[in-house]
Amino acid sequence: MKTIVKSVKGTRDFYPDEMAKRQWIYGHLKTVSESFGYQQYDGPCLETLELYAAKSGEELVKEQSFVFNDRGGDLITLRPELTPSLARMIAEKQNELVFPARWWSYGPFWRYERPQRGRTREFFQWNIDLIGSDSVESDAELAAVACSFMRSVGLSPEQVKLRYNDRQLMDQAFSELGIDSESKSALLRLVDRIDKLPADVWEEKVLGLGLDQRQLTALKSLLADVNLWQRSERLVKFVSLMRSMGQVEYLEYDPRTIRGLDYYTGIVFEAYDVNQEFRAILGGGHYGNLVGDVGGDPLPGVGFAMGDVVVQLVLEHFGLIPDMKTETETIFVTVFDDQTNPESLRIASDLRLAGFKVVTALGTEKLGKQLKFADRIRASKALVIGPDELAKEEVMVKDLQTHSQSSVPRAQLVSFLRNE
RNA sequence: GUGCCUAUAGCUCAAUGGCAGAGUACUUCACUGUGGAUGAAGAUGUUGAGGGUUCGACCCCCUCUAGGCACCCCA
């Protein structure tokens, strides 16, 4: 085996077939974003470490970011998430932007993690935010955007669910259990992990926070209560709004949905496949103050992020990504010999001007080889222009799918191909 | 960063410590004006990398690299 220079661990090469899938997903999220009136934006891929130190803090920056010194000695970070960049961009123009602002973005991100299924070190992420509104209507709108995307790519409510919860509801419920405020945030993080830890280990950790046996029992019944949301006026309205927008069948209340990030302050949601065979497809929620940490005036909002890796796995699992290979509309123009080559090239140019995708043979190989090549690049049609056709001012049009062929007068070629 | 599993032809996988193979894909030909079929022939490997044990290693041991699964974290 030849030694080929290796790619960076956790990165992916997008060969044309993979690139087509990525573009297919991108096309859907772009259409959905725009259908709700959101505008596309982007920030730089390189940011100062400082930007993240202010906000994301904790592990995301310390352990899971690519950080390096540039030639001037400054610490530069490959962006692990977009929210801090968004916060800066909003804060810089806080007085001239129109709020609520509806913005979306799609681009590459990097996290220094151990690669595994659904997790790479370089990934693409869709970010979409509604900034400047504290209303439950804005929360519902973002949840509806998420559901619209899932519907548009063919994921049905029987296949995926949007699990939702409200952090304030949980906070209130914890208070009623007599849990002191210092333990609450640690407890929220534990609730987030209840499905990942063995039951006894989880209980041990909960008791370690200072809860007694009675509180633990009450907590467990709380986390099993699928009707808990009805105690929250906000969640009741949220569900009602989702019903009006025709997305309620995607909803599934889950008192254990919390989200790991600290900046969420209200409604949070995550999309999963129903069997939970895969990781979260997307996740987001309401935040009370987007720009405070980067020096702006307090500004609430709601947003979510979706990585390309998990959603593609889920889509492939359900067989929802169309076979792009069959969808090339390319016309292949064969070249019979050096005498006919100029006419082949002229025809190819005419067809391109008429809007067709045209590939020409680069030499005068045997027709059989040229047609085999046309077949292998999945061209839909092949044109044969030999001495016979030239003399009669005709072109032989071969349909590579139906195996049929017909002679078409040169002057009628464009209209003939358009009607096919 | 932790634990476990895996790595053989382009791809999918075989091979008791004793000659590295099959299917598929590929190239050529049958077919010098016609592609998916059929038949014939051909080519393909530092068995992931490096070291060790052994008369002898794809096979056993160690290290590294990459991937997978579970933690951690999250998209």
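Every chain is numbered from 1, with letters handed out A, B, ... down the list of sequences.
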Undergrad: For a quick check under 3.5 Å, do Q168(A) and Q172(A) share a side-chain donor-acceptor pair by atom type?
TA: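 No.
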
Undergrad: Both distances below 3.5 Å, Watson-Crick or wobble geometry, any strand: find the nucleotide opposite U34(B).
TA: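 With both distances under 3.5 Å required, U34(B) matches none.
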
Undergrad: Measuring only the C1' atom in each nucleotide, how far is C26(B) from U53(B)? A whole number of Å is fine.
TA: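 It comes out at 40 Å once rounded to the nearest Å.
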
Undergrad: Distance check, C1' atoms only: C58(B) and A15(B), in whole angstrom units.
TA: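 The answer is 8 Å between these two C1' atoms.
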
Undergrad: Just checking, is any N or O donor in the side chain of D134(A) or H286(A) under 3.5 Å from an acceptor N or O on the other one?
TA: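 There is such a pair (donor and acceptor under 3.5 Å, judged by atom type) between the side chains of D134(A) and H286(A).
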
Undergrad: Side-chain donor-acceptor pair under 3.5 Å between S148(A) and Q247(A), yes or no?
TA: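 Distance-only check passes for S148(A) and Q247(A).
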
Undergrad: Pick the P atom in C29(B) and in G17(B), then give their distance to the nearest Å.
TA: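 Their P atoms lie roughly 45 Å apart.
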
Undergrad: Taking atom C1' in both C61(B) and C73(B), compute the distance separating them and give it to the nearest angstrom.
TA: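 After rounding to an integer number of Å, I get 35 Å for this pair.
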
Undergrad: Ring centres within less than 5.5 Å and planes less than 30° apart: is that true of F123(A) and A75(B) in this structure?
TA: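 The base of A75(B) is stacked with F123(A) (centres under 5.5 Å, planes under 30°).
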
Undergrad: Side chain of E113(A), base of A75(B): donor and acceptor closer than 3.5 Å?
TA: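 Indeed there is one.
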
Undergrad: In whole Å, what separates the P atom of C69(B) from that of A57(B)?
TA: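 Comparing P positions in C69(B) and A57(B) gives a spacing of 35 Å.
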
Undergrad: Checking R163(A) against Q276(A): is there a side-chain donor and acceptor pair closer than 3.5 Å?
TA: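 Present: a donor and an acceptor within the cut-off.
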
Undergrad: Which is it for L86(A) and Y41(A) under the side chain to side chain contact (heavy atoms under 4.5 Å, CB included) test, yes or no, and what are the steps along the way?
TA: CA-CA 9 Å; L86(A) 170 64; Y41(A) 74 101; 3.7 Å; yes

Undergrad: Report yes or no: do Q370(A) and E365(A) form a side-chain donor-acceptor pair below 3.5 Å?
TA: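 Side-chain D/A pair, Q370(A) to E365(A): absent.
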
Undergrad: Mind listing the N/O atom pairs, protein and nucleotides 30-34 of chain B, below 3.5 Å?
TA:
residue : atom : partner : partner atom : Å
G33(B)  : O6   : D388(A) : N            : 2.9
G33(B)  : O6   : D388(A) : OD1          : 3.0
G33(B)  : O6   : D388(A) : OD2          : 2.7
G33(B)  : N1   : E389(A) : OE1          : 2.8
G33(B)  : N1   : E389(A) : OE2          : 3.3
G33(B)  : N2   : E389(A) : OE1          : 3.3
G33(B)  : N2   : E389(A) : OE2          : 2.7
U34(B)  : O2   : K398(A) : NZ           : 2.7
U34(B)  : O2   : Q405(A) : OE1          : 3.3
U34(B)  : N3   : Q405(A) : OE1          : 3.2

Undergrad: Which value, in whole Å, describes the distance between the P atoms of nucleotides U28(B) and G1(B)?
TA: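 It works out to 49 Å between them.
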
